[in-house]
Protein chains: 2
Amino acid sequence: MPSSRLTADDWTAAALDAIGRGGLAAVAVEPLATGLGATKGSFYWHFANRDALIEAALLRWERDHTDAVISLVETQPDPLAKLRLLISTVIESTAGPHTDAIELAMLATAGHPHVAPVLARVTERRVAYTSGLFEALGLPPQEARHRGVTAVSAYLGLAQLAHAAPRTVPATSTDRQAYVDRLIGLLTTAG
Amino acid sequence: MPSSRLTADDWTAAALDAIGRGGLAAVAVEPLATGLGATKGSFYWHFANRDALIEAALLRWERDHTDAVISLVETQPDPLAKLRLLISTVIESTAGPHTDAIELAMLATAGHPHVAPVLARVTERRVAYTSGLFEALGLPPQEARHRGVTAVSAYLGLAQLAHAAPRTVPATSTDRQAYVDRLIGLLTTAG
DNA sequence: ACCTGAACACCGTTCAAGT
DNA sequence: ACCTGAACACCGTTCAAGT
């Protein structure tokens with residue numbers, strides 16, 4: 001039961017919720033207003049238009065969510081353990097049973113003009129971080145960079161596969177673990 | 001100057017054209033009708049609704065486009081040459097200068113209910129075909145399958161990167177070739 | 001400062017009427 | 001068989017008027 005007056009944050013929270021449930025297309029001002037017990041006119045006091053709401057919601061997601069995985073991974077002592085945890089975490093969250101609905105929605109709408117830059121920043125950080133792990137494993141910078149790109153590609157591509165062709169991706173937790181082990185084997189093989 | 005009477009194919013062609021230019025969102029009945037010099041009412045004679053048009057356009061793309069790459073690759077004599085041509089062709093077409101606009105639009109809207117199954121079929125064929133190449137290279141079936149999944153993931157993920165974070169992917173034709181070489185090196189390394 | 005309610009534009013969809 | 005034109009629904013957007 002929200003108070004009778006709404007804040008911009010109430011609208012972005014509702015928008016993020018909608019994105020998680022039905023993707024960007026589910027961010028519709030009229031249904032959102034109904035859900036919040038307000039009118040469309042109220043929305044336009046807080047935001048210039050639907051686009052501005054989407055942008056605000058995505059920026060909020062980026063701010064709250066970007067460092068989560070990296071902080072988790074940083075608890076590991078050595079680069080190989082970090083790489084192992086990074087890849088298995090990230091693959092579980094896309095191909096596993098409790099997927100990250102918002103991230104999947106973002107990937108599924110990567111072409112959207114507001115999604116693309118957010119995804120670009122998040123992805124560039126991930127490539128940089130992963131490349132750093134390969135450097136810490138002793139690979140020369142260029143080789144480390146290529147493997148970082150390949151590792152992130154493998155993750156993004158598997159997410160795509162899990163969504164578009166689920167039959168092709170490892171189905172059980174054990175299968176996924178075996179897949180991750182082989183992937184790490186390929187990625188850490190001597191140059 | 002089209003004849004005064006339109007066929008269903010005229011509409012699907014116009015729809016595919018729109019997808020290539022602006023993605024699924026660009027498939028709007030009213031502007032399409034205007035572009036074809038007809039009215040919306042004419043459209044609804046040929047199709048039940050906008051959804052049916054999108055589905056027809058995507059099926060047409062699948063039919064016309066699916067085997068193109070595989071046929072090209074099959075001209076190569078041995079599995080390694082096929083793999084090399086497959087990966088470089090497919091990476092050029094997403095990260096290179098003349099990208100396949102429709103395929104990129106499909107990947108950018110992979111979440112759409114009509115796009116997903118088309119992408120699923122195309123992708124499953126690609127995984128199966130690529131896994132077959134690894135088997136032909138002498139790898140045991142399960143290992144070959146994993147590498148096929150990884151190869152297709154690497155392609156799909158690089159397409160995503162090229163779109164979402166262009167700064168992270170190899171920019172010049174030479175760089176891309178070097179990247180492909182390393183990728184093939186990793187993928188064909190002994191198990 | 002924040003919200004309502006009515007209005008309008010745009011596009012998807014329907015359908016009776018035309019050729 | 002194929003198309004027009006008018007109508008309606010839905011949602012984005014604007015804005016004068018309320019508290």
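Residue numbers start from 1 in every chain, and the chains themselves are labelled A, B, ... in the order their sequence lines are given, proteins ahead of strands. These numbers come from a predicted model, not from an experiment.
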Please state whether the rings of B:Trp61 and B:His65 are parallel, tilted or perpendicular, taking 30° and 60° as the class boundaries. parallel
Rounded interatomic separation in angstrom, taking [atom1] from [X] and [atom2] from [N]:
X: B:Tyr44; N: D:dC8; atom1: OH; atom2: C1'; value: 13 Å
X: A:Leu24; N: D:dG12; atom1: CG; atom2: P; value: 13 Å
X: B:Trp45; N: C:dG18; atom1: CH2; atom2: P; value: 17 Å
X: A:Arg50; N: C:dC10; atom1: CZ; atom2: C1'; value: 14 Å
X: B:Arg5; N: C:dG18; atom1: CZ; atom2: C1'; value: 11 Å
X: B:Glu30; N: D:dC8; atom1: CD; atom2: P; value: 17 Å
X: B:Leu6; N: D:dT4; atom1: CG; atom2: P; value: 8 Å
X: A:Asp51; N: D:dC11; atom1: CG; atom2: P; value: 18 Å

Taking a pair as Watson-Crick or G-U wobble with both distances under 3.5 Å, which nucleotide is matched to D:dG12?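 Its partner is C:dC8.
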Across all strands, who's sitting opposite D:dT19 as a Watson-Crick or G-U wobble pair, both distances under 3.5 Å?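 Result: C:dA1.
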If you only use heavy atoms from C-beta on, which nucleotide in C:dC3, C:dT13, D:dC3 is closest to the side chain of B:Thr39? D:dC3
Donor-acceptor pair between B:His46 and B:Asp10 side chains, under 3.5 angstrom: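 On atom types as modelled, these side chains do not qualify, holding no pair under 3.5 Å.
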Can B:Tyr129 and B:Glu74 be counted as having a side-chain donor-acceptor contact under 3.5 angstrom?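 On atom types as modelled, these side chains qualify, holding a pair under 3.5 Å.
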What pair of heavy atoms forms the shortest contact from A:Leu187 to A:Arg147, and how long is it? O-NH1, 2.7 Å
Short side-chain N/O contact from B:His46 to OP1 or OP2 of D:dC3, under 4.0 Å: yes
Between A:Phe43 and A:Lys40, whichever has its closest DNA chain C nucleotide further toward 5' is A:Phe43
